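Beneath this line is the structure, given in structure tokens, with notes to follow.
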Amino acid sequence: MLAEVPVVLMLVGLAGYTVLAGADFGAGFWMLLPGGGRASATATRDHARHAMGPVWEANHVWLIFVLVVCWTAYPIAFASIMSTLCVPLFIAAVGVILRGASYALRGQLDAATGRRAVERIFALSSIMTPFALGTVVGAIASGRVPVGNARGDLLGSWLNPTSVSIGALAIATSSYLAAVYLAGDARRLGERTLERDFRARALLAGLVAGALAIASLLVVRADAPPLWSALTSGGGLVMVCTSATAGVLTLLLVVRRHFEVARASAGLAVSAIVAGWAFAQYPHFLPGLTIEQAAAERSTLVAVLIGVGAGAFVLVPALVLLFGLFLRGRLDAHEGIGVSAVDVPRASAPSRPARLGPFTIASLLGGSALMIFADSGWAHAVGVASLFAAAASTFVLAADIPGDQADG
Amino acid sequence: MVNTILATVGTAFAPVDQHYLFQARQMQALSLAVHIPLVCFGIAFPAMVLFAEWRYLRTGDPLFRVLARRWSKVMLALFAFGVVTGTILSFELGLLWPGFMATFGNVFGLGFALEGISFFVEAIFIAIYAYGWDRLPPRLHFASGIPVVVAGVAGSLFVISVNGWMNQPTGFALANGVAVEVQPWSALFANRYFWHEFVHMFVAGYIVAGFLLAGAYAWTFLRGRPGRYERTALAIALSAAAVAAPMQIVIGDWAARGVAKAQPVKLAAMEGLARTMGGAPVHLLGWFDGDEVVYGIEIPWLLSLLAFHDATATVQGLDSAPPADRPPVNVVRFAFQAMVGTGTLLALLSAVYLYIRFRHNRLPTSRWFYRAVLAAGPLSVVAMIAGWITTEVGRQPWVVYGVMRTSEAVTGARGIPIGYGSLIVVYLMLAGALAWTLRRLGGAPLDLAAPPAPTTPMPSESHEVSRAR
């Protein structure tokens with residue numbers, strides 16, 4: 001029972017990544033294909049680019065979270081997956097680098113030549129990464145990753161019908177999520193033309209993603225019959241139906257311009273696919289290796305749960321705060337107004353405490369002596385603390401240059 | 001049933017014949033060398049940005065606000081590059097070293113799980129901070145930066161706890177090549193080796209970030225008459241580096257004694273000490289010819305004195321380990337000497353700065369001083385990377401000291417040279433993108449006039465708070 005809790009955490013992380021980072025990937029997709037709408041290609045690209053500004057790093061961390069929980073709680077499964085699927089995972093990692101770097105760079109290239117090339121790198125890596133990660137999911141789901149150090153086929157494990165169709169599905173669902181979100185963002189910003197464009201794109205991408213999902217199921221039926229039978233019975237079937245229902249519901253909501261509700265239902269449609277995959281594989285992690293068998297010892301699992309639980313205390317409110325600000329437009333780049341700093345008074349600089357100098361020297365000498373001559377852990381802890389106190393007070397004394405001197 | 005699983009795993013991750021082990025190590029080392037300078041900014045930069053904003057809140061001087069705001073953009077860009085280079089590292093752990101992950105992921109993985117959480121916190125609040133200027137009330141905005149400071153330090157603490165464990169592995173037993181009876185908390189945090197490593201790196205973060213940042217402003221000092229903005233920025237960055245660099249000598253001494261205790265063979269490699277002896281000397285420069293240090297300057301008894309505070313103490317030499325268990329001496333020794341030598345120069349430069357700053361209550365005026373600051377940025381990176389080479393190459397041939405060899409950890413997959421080659425190309429592009437981004441951020445016109453000029457003095461603290469809301 002305990003052995004399966006970390007899998008649930010990983011699935012939550014995976015759903016978070018698929019929905020949130022997926023929408024960011026999809027924004028890259030629309031930057032590659034900005035045409036076909038009423039708004040200009042440049043306006044479309046800029047809208048897609050600006051929309052993810054404040055959140056893409058946080059969205060990306062979900063992936064790291066899944067990786068670290070996996071290698072701590074299921075080290076054997078993790079090592080088997082990483083070594084056999086090293087090619088698509090390396091491609092995904094390179095895609096992550098290119099994507100992050102080109103995004104950061106693009107923000108500094110307002111009118112410079114080369115911005116189109118950088119945008120193209122961003123867009124292509126936004127397609128490459130979800131595709132590669134999709135093939136990884138396909139490889140695991142179709143049982144092509146044996147337990148062991150690179151025991152699977154280096155290419156065939158991920159270049160196969162199931163993997164490729166799930167990779168394509170990953171691109172389609174990302175584009176679909178992005179279009180729904182970007183339509184909602186455009187509405188918030190009052191950009192009617194962009195809203196119409198992305199609404200049309202959301203409908204189109206939703207239909208394509210639905211068609212691809214059905215096609216993938218048929219591919220799975222031929223290529224990986226055990227996965228097919230698991231997806232068409234029990235919990236797998238429930239999740240497939242949930243995804244389909246939520247997908248259709250989202251399309252209706254988008255037609256009626258209820259974008260905020262559509263955000264949630266589109267997310268549900270995609271998360272349900274992740275859950276369906278989990279049901280289909282249960283109780284196996286890899287062929288011949290159940291989740292129970294793959295799990296680390298109790299002490300490790302408890303430690304992970306304590307760590308993640310304590311982290312959630314900080315993380316959940318922080319995420320609520322971030323997305324609260326973000327979705328209400330408080331972090332938008334366009335808005336120039338807001339609470340400016342007029343409330344801050346110009347107070348005279350506080351005079352320096354006279355005893356800061358002697359305190360610095362005393363803690364410096366005391367700290368150094370403890371570090372050099374003492375041998376116990378506690379003495380070293382006190383020594384480090386005294387040294388840091390000395391450093392901090394010296395810094396405060398040194399960093400604040402006198403005004404007249406600074407002016408000259 | 002558990003036993004059958006353990007047996008299966010023992011064979012599934014049995015050592016493989018990997019022709020490109022050395023390339024795999026280089027690939028990992030390259031990725032670390034690219035990421036770690038960015039980590040220094042994660043450790044030190046948020047605190048400097050917040051210091052500038054705190055000065056603004058205290059004095060109302062708009063210059064500090066402009067400074068903090070411009071720095072926060074640089075901080076965000078560096079964080080973005082840190083995110084992607086850090087992602088590569090977490091992938092590489094599995095891609096290159098599955099044997100290590102399969103066997104010990106359950107022992108050290110907790111450190112990374114906690115790091116993942118602090119990374120998450122950092123990503124959330126850095127976004128709120130960097131995008132929240134003018135949109136959050138000033139004090140709330142300042143407060144949103146505090147989790148960034150804490151999470152940046154906590155993240156590096158958790159990662160280094162794993163490195164400390166790799167150097168002094170405890171908290172598990174081995175059965176059929178699998179770690180059992182795991183105690184993850186004490187393995188990571190009740191490990192004395194970890195604490196000096198972390199403090200050493202924390203201080204290095206301030207040295208590297210401080211000197212690199214100060215170097216950027218020293219450039220404007222050399223080109224012409226720096227304005228008040230540049231002088232203020234330089235004073236903050238340089239002061240941060242200058243209080244850290246001399247302190248690093250004391251911390252480094254502590255770290256070296258920790259190595260002497262826990263990893264005598266690494267210490268022997270650092271010093272080129274072939275034979276176990278009492279009253280061991282230190283050699284400056286020179287070359288280890290396989291038997292002794294030649295062409296070096298010998299200082300008798302110093303090694304015994306430094307390592308054990310006793311000039312006649314016995315120091316273990318390389319001969320205490322069989323040849324197959326010794327690290328490559330000259331790499332470790334050169335890296336160590338480069339770190340100590342460069343670090344000493346940086347500490348001297350810091351002493352000059354602090355002397356002039358406090359004796360004359362001004363910034364130095366000599367052009368040579370600013371040339372030295374300009375050089376100190378790259379030199380501090382050299383010293384820090386050299387330090388990591390000392391500890392990482394000095395741990396070889398082990399990935400988990402004395403327990404698992406690096407050759408037992410490596411992947412059985414083919415194609416490492418292809419990955420290594422493509423990664424070099426990607427990193428070159430990355431370096432170009434980073435350089436361009438920083439140039440643009442640094443070259444953006446100073447907007448000193450635009451920020452809202454603070455209004456009349458408002459001495460009452462409580463009134464100030466209520467208005468800020």
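Note that the structure is predicted; figures quoted are calculated from it, not measured. Just so we're on the same page: letters track the sequence lines, and every chain starts at 1.
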Residue among [options] with most heavy-atom pairs under 4.5 Å to chain B:
options                            : result
A296(A), A77(A), A93(A)            : A93(A)
G377(A), A381(A), A150(A), G383(A) : A150(A)
G367(A), S102(A), A390(A), A79(A)  : A79(A)
A312(A), A92(A), A73(A), A104(A)   : A104(A)
S299(A), G100(A), G311(A)          : S299(A)
V304(A), N59(A), L67(A), L315(A)   : L315(A)

Which portion of [X] sits near chain A, non-hydrogen atoms under 4.5 angstrom:
X       : value
L114(B) : side chain
F100(B) : neither
A244(B) : neither
F358(B) : side chain
F81(B)  : side chain
L354(B) : side chain
V203(B) : side chain
R414(B) : both
I251(B) : side chain

Under 3.5 Å, is there a donor-acceptor pair between the [X] and [Y] side chains?
X       : Y       : result
H380(A) : W195(B) : no
T290(A) : Q293(A) : yes
T394(A) : T360(A) : no
T85(B)  : Y427(B) : no

Quiz item: More than 12 heavy atoms of other residues, nucleotides or ligands under 6.0 Å from CD1 of I418(B): is that the case?
Solution: no
Self-check item: N/O donor-acceptor pair under 3.5 Å between R357(B) side chain and A398(A) backbone
Solution: yes
Quiz item: Backbone N or O of L96(B) within a donor-acceptor pair of the T411(B) side chain at under 3.5 Å?
Solution: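 A pair under 3.5 Å: no.
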Self-check item: Residues in ring-ring contact (aromatic ring centres under 6.0 Å, His included) contact with Y206(B), at least two apart in sequence or another chain
Solution: F202(B)
Practice problem: Not counting sequence neighbours, which residues clear ring-ring contact (aromatic ring centres under 6.0 Å, His included) with H141(B)? List them please. | Solution: Y129(B), W133(B)
Quiz item: Can you tell which of W185(B), F104(B), F91(B) has the highest number of heavy-atom pairs within less than 4.5 Å of chain A?
Solution: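 Sorted descending by pairs with chain A, the first entry is F91(B).
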Quiz item: In terms of ring plane angle, is the pair F65(A) and W62(A) parallel, tilted or perpendicular, where the classes change at 30° and 60°?
Solution: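 Judged by the thresholds at 30° and 60°, the geometry between F65(A) and W62(A) is perpendicular.
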Exercise. Hey, can you tell me if F122(A) and Y103(A) have their rings parallel, tilted or perpendicular (30° and 60° cut-offs)?
Key: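 Answer is tilted, since the angle falls between 30° and 60°.
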Quiz item: Which answer fits A374(A), side chain, backbone, both or neither, if we ask what part of it has an atom under 4.5 Å from a heavy atom of chain B?
Solution: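 A374(A) touches chain B through backbone heavy atoms alone.
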Self-check item: Contact class of L301(A) relative to chain B, heavy atoms under 4.5 angstrom
Solution: neither
